[in-house]
Visitor: 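Just passing along the structure, written as structure tokens.
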There are 2 protein chains.
Amino acid sequence: MFPSPSVAMPDDAGAQGAATRMRDVAQRAGVSPMTVSRALRDPSKVSPAVLRRVEEAVRAVGYVPNRLAGGLSSMRTNVVGMVVPSLDNSLYSPTIQGVSAVLHAAGYQLMIGECGHSPQGEEALVAAFLAQRVAGLMLHGVHHTEAAAAMLRRAGIPVVETGSLSAKPLDMVVSYSNEAAAQAMTLHLHRLGYRRIACVTLPSAGNERSRDRQRGYRAALASVGLEADPALLMEMPPGLASGAEAVVRLLQSPAPPDAVFFAGDVLAAGALFECQRRGWAVPARVALAAFDDIDILRHVVPPVSTLRLPRAEIGRRGAEVLLDRIEGRAAGTVAVDLGFEIVQRGST
Amino acid sequence: MFPSPSVAMPDDAGAQGAATRMRDVAQRAGVSPMTVSRALRDPSKVSPAVLRRVEEAVRAVGYVPNRLAGGLSSMRTNVVGMVVPSLDNSLYSPTIQGVSAVLHAAGYQLMIGECGHSPQGEEALVAAFLAQRVAGLMLHGVHHTEAAAAMLRRAGIPVVETGSLSAKPLDMVVSYSNEAAAQAMTLHLHRLGYRRIACVTLPSAGNERSRDRQRGYRAALASVGLEADPALLMEMPPGLASGAEAVVRLLQSPAPPDAVFFAGDVLAAGALFECQRRGWAVPARVALAAFDDIDILRHVVPPVSTLRLPRAEIGRRGAEVLLDRIEGRAAGTVAVDLGFEIVQRGST
DNA sequence: TTGTAAGCGTTATCAG
DNA sequence: CTGATAACGCTTACAA
């Protein structure tokens, strides 16, 4: 049985609406739908001649498989969900790209959702992802609602958290230690000779990472016998303007610091620009250090000392351990500490 | 018939694996699955008593609907796909957030894919999204492969392009005019008295937006009778370092410009930092203008003149017109020009 | 207001 | 290597 010769076959030109099904491809190729399914998923399972006919038919009718049906039937999908606090902040993009690269190479799709730094937002996204029956989930937050945790537990899919190492993990964790990093930078400043070291973090309310960094800062001071002056520990919202405001407030205080460690976002860059505007010499009048190796810090004058965090590597390794579990290559849970590096530049 | 009283009912504690189905909820609530379906999608269609029982059962078993099944059955999903060239670049995030906000408010999910500035990457993502039977698609690129265009045509779902106004649209467009914006900024520089105006864009190969901006620049020069010196039109890859390199090359050339218009990415910021390093006064020695109102340009010294583009509004309006079509409130295609503004600052 | 029956388009399973 | 058949979990259409 052959399909009628392609006489007066409009192929697909302006066809619109009803999607073609596997059955249409099968008919045209003169085989059963099951054979089409096999040809598409594992070409080695059908004869070369049939494979050719199927491929031709797929092209001719412009067949796009229906993964809703496929997923329903096989009880598995090739979609991985990822929840990030925000997309404004280019901090998360290296991680996203790492995840994306590994996933695509393995034939998976990435679905990203933005939860706006709120556990409720995260819960809603987790529910939505679970409803799509994602094969696994990457979470940046480490603070979850009880409901979200319960859903995740019941769903029984692999989950990787990437935001912090200190939290009691839901399942797997791939990250670096916020506390150790903050401690290391504070000690570095001390080693360079600074003795009144201020620290500015993002608001710690509901932000485990900020709290970890504050803890690291305090631990460092304690270990070298410096007093932890509460006036030297500030919290500011994200943004360049916040960094500017913070440095002004600190330097105009009765007992100004000789170094400021900005443990988050682009605060350090904002502070540097403010120093440029006011003619405050960096690092002579005040040394400035940052937390993340964003491109800009390398290009400003003077370039800003900072921590290099393994953002992209976190994404890659996270996706890898997730895939290992999804595809059954590994079973247990893992916790990976990817470390960090101090980058010493002109600002300190 | 009532479910057995919750004696020795472990509820969900550590249950894991087999997801609960609508049938389980129905059984527990003592109704048919159809009633559960109704209760979940339109509570007004079931009696209050039943509704309460269903809600309780849903909670008790931790039911998460299976949208693969729902979508397959109803032939529609609540997922919208979005393809962006890159996620490094925070330029796209306002648009993504605009889309995300409107979609979530309407109960839709956003699925984001990164195509790496390549039409082939876009094609792959379009295929993947279509396979998930997304309800609609947002595309930033305006240059598509023939195959991608054909798939989109056949799928018959609404598509919004947001990258540029000039392209012959696939379906709907919501954007601003890259050409008009570049022209306006060039004219603005001329009006301020600059007479040798250079322009630096991203590589134009395969980038319609860069070509549009170059066209606008040339049109502006022509309209005021300035010669278009080819030495003053450069193309550079994205990044702060590129901007630095460009300004050095231009200013050290035999006939240096008195103003440089950086029509893309963070080039202008990179150039400004280089000027700071070299002690080149801005704007006295050279004026600098940028294309996009990124936060940093407002905070550097001097602040950089630029164009304010309706990035977030593009996302919101784009999502709105997409939803109008998805939900059948509108039929035809639309093209929306959201305009732009010139922001004059100290760098010019 | 509620329930029954018949798919939706795939894939798992088992026969040939 | 290929095909028939029965799910997968939900919704549409109709009936009660």
Side-chain angles (χ1 to χ4, degrees), chain A residues 1 17-55 57-58 61-79 128 130-135 154-155, chain B residues 1 17-55 57-58 61-79 128 130-135 154-155:
Chain A
M1 267 299 205
T20 57
R21 295 143 305 165
M22 203 170 252
R23 183 196 308 169
D24 305 319
V25 176
Q27 230 152 46
R28 183 159 178 132
V31 296
S32 77
M34 200 50 234
T35 297
V36 174
S37 176
R38 276 194 276 257
L40 258 25
R41 288 182 307 158
D42 185 354
S44 76
K45 296 181 114 171
V46 300
S47 74
V50 165
L51 179 56
R52 229 173 14 79
R53 292 221 307 281
V54 169
E55 284 172 338
V58 163
V61 303
Y63 174 64
V64 177
N66 183 334
R67 294 215 185 286
L68 296 177
L72 177 61
S73 179
S74 65
M75 307 273 262
R76 29 173 272 96
T77 65
N78 63 152
V79 179
L130 257 24
Q132 324 265 0
R133 295 302 188 261
V134 293
R154 264 191 309 260
Chain B
M1 270 295 205
T20 56
R21 296 142 305 167
M22 202 170 253
R23 186 196 309 169
D24 305 318
V25 176
Q27 229 152 46
R28 182 160 181 130
V31 297
S32 77
M34 197 54 233
T35 298
V36 175
S37 175
R38 276 192 279 254
L40 257 26
R41 288 181 309 157
D42 186 354
S44 76
K45 296 181 114 171
V46 299
S47 73
V50 165
L51 179 57
R52 227 171 17 78
R53 292 221 307 281
V54 169
E55 284 172 340
V58 163
V61 304
Y63 175 63
V64 177
N66 184 333
R67 293 215 186 286
L68 296 176
L72 177 60
S73 180
S74 64
M75 308 272 261
R76 28 174 271 94
T77 66
N78 64 153
V79 179
L130 257 24
Q132 323 264 4
R133 297 299 188 262
V134 294
R154 264 191 310 257

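Throughout, protein chains are lettered first and strands after them, A, B, ... in sequence-line order, and every chain is numbered starting at 1.
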Visitor: Go through residues 65-75 of chain A and report each residue with a non-hydrogen atom lying under 4.0 Å from DNA chain C, sorted by number.
Guide: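 Going residue by residue through residues 65-75 of chain A, the ones with a heavy atom under 4.0 Å of DNA chain C turn out to be Asn66(A), Ala69(A), Gly70(A), Ser73(A), Ser74(A).
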Visitor: Taking all heavy atoms of Arg53(A) and all of Ala29(A), pick out the closest pair and write down the distance.
Guide: NE-O, 2.9 Å
Visitor: Verify the contact: side-chain N or O of Tyr63(B) to OP1 or OP2 of dG9(D), cut-off strictly under 4.0 Å; return yes or no.
Guide: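 For dG9(D), OP1/OP2 do not have a side-chain N/O of Tyr63(B) under 4.0 Å.
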Visitor: Where the side chain of Ser47(B) is defined as all heavy atoms beyond and including C-beta, which of dT12(D), dT10(C), dT2(C) is the nearest nucleotide?
Guide: dT2(C)
Visitor: Could you tell me the separation between the CG atom of Asp24(A) and the C1' atom of dC8(C), rounded to a whole number of Å?
Guide: 14 Å
Visitor: Minimum heavy-atom separation for Asn66(A) to Leu72(B), with atom names?
Guide: ND2-CD1, 4.1 Å
Visitor: Testing the basics here: between Pro33(B) and Arg23(B), what is the closest heavy-atom pair and its distance to 0.1 Å?
Guide: CG-CA, 4.4 Å
Visitor: Would you mind reading off the distance between Arg76(A) atom CZ and dG9(D) atom C1', rounded to a whole angstrom?
Guide: 18 Å
Visitor: If you write DNA chain C from 5' to 3' in dot-bracket form, with Watson-Crick or G-U pairs under 3.5 Å, [ ] for crossing pairs and | for pairs with another strand, what do you get?
Guide: ||||||||||||||||
Visitor: Quick one: Arg23(A) CZ to dA4(D) P, roughly how many Å, whole number?
Guide: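 Computing the Arg23(A):CZ to dA4(D):P distance gives 13 Å.
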Visitor: Please report the interatomic distance OG1(Thr20(B)) to CZ(Arg154(A)), rounded to the nearest 0.5 Å.
Guide: 7.0 Å
Visitor: For Arg21(A) and dG7(C), is the shortest distance between a side-chain N/O and OP1 or OP2 below 4.0 Å?
Guide: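 It does not, given that no N or O in the side chain of Arg21(A) lies less than 4.0 Å from OP1 or OP2 of dG7(C).
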Visitor: Measure the distance from CG on Asp42(A) to P on dT10(C) and round it to the nearest whole Å.
Guide: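 After rounding, the gap between these two atoms is 18 Å.
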Visitor: How close do Asp24(B) and Ala19(B) get, counting heavy atoms only, and between which atoms?
Guide: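 Result for this residue pair: OD2-O, 4.5 Å.
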Visitor: Expressed in angstrom and rounded to an integer, what is the separation of Gln132(A) atom CD from dC8(D) atom P?
Guide: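 Distance check: Gln132(A) CD to dC8(D) P gives 21 Å.
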Visitor: Rounding to a whole Å, what distance do you find between Asn78(B):CG and dC10(D):C1'?
Guide: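 That distance rounds to 14 Å.
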Visitor: So do Val25(A) and Leu40(A) actually touch side chain to side chain, heavy atoms under 4.5 Å?
Guide: no
Visitor: What integer distance in Å separates Gln27(B):CD from dG3(C):P?
Guide: 13 Å
Visitor: Give me the residues of residues 32-39 of chain A where at least one heavy atom lies under 4.0 Å from an atom of DNA chain D, by number, or none.
Guide: Ser32(A), Met34(A), Thr35(A), Arg38(A)
Visitor: Which heavy-atom pair separates Pro43(A) from Leu51(A) by the least distance, and what is that distance?
Guide: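 The answer is CB-CD2, 3.8 Å.
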Visitor: To the nearest 0.5 Å, tell me how far Leu130(B) CG sits from Arg67(A) CZ.
Guide: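 One finds 11.5 Å between CG of Leu130(B) and CZ of Arg67(A).
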Visitor: Check Pro65(A) against Arg133(B) and note the closest heavy-atom contact, atom names and distance.
Guide: O-NH1, 3.2 Å
Visitor: I need the CG-P distance between Leu40(A) and dT10(C), as an integer number of Å.
Guide: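 Atom-to-atom, Leu40(A) to dT10(C), this comes out as 9 Å.
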Visitor: Could you walk me through whether Gln132(B) and Thr77(A) satisfy the side chain to side chain contact (heavy atoms under 4.5 Å, CB included) test, starting with their C-alpha distance in whole Å, then the side-chain angles of each, then the deciding distance to 0.1 Å, before giving a yes or no?
Guide: CA-CA 10 Å; Gln132(B) 323 264 4; Thr77(A) 65; over 6 Å; no
Visitor: Test side chain to side chain contact (heavy atoms under 4.5 Å, CB included) on Val46(B) and Val54(B) and set out the steps.
Guide: CA-CA 10 Å; Val46(B) 299; Val54(B) 169; over 6 Å; no
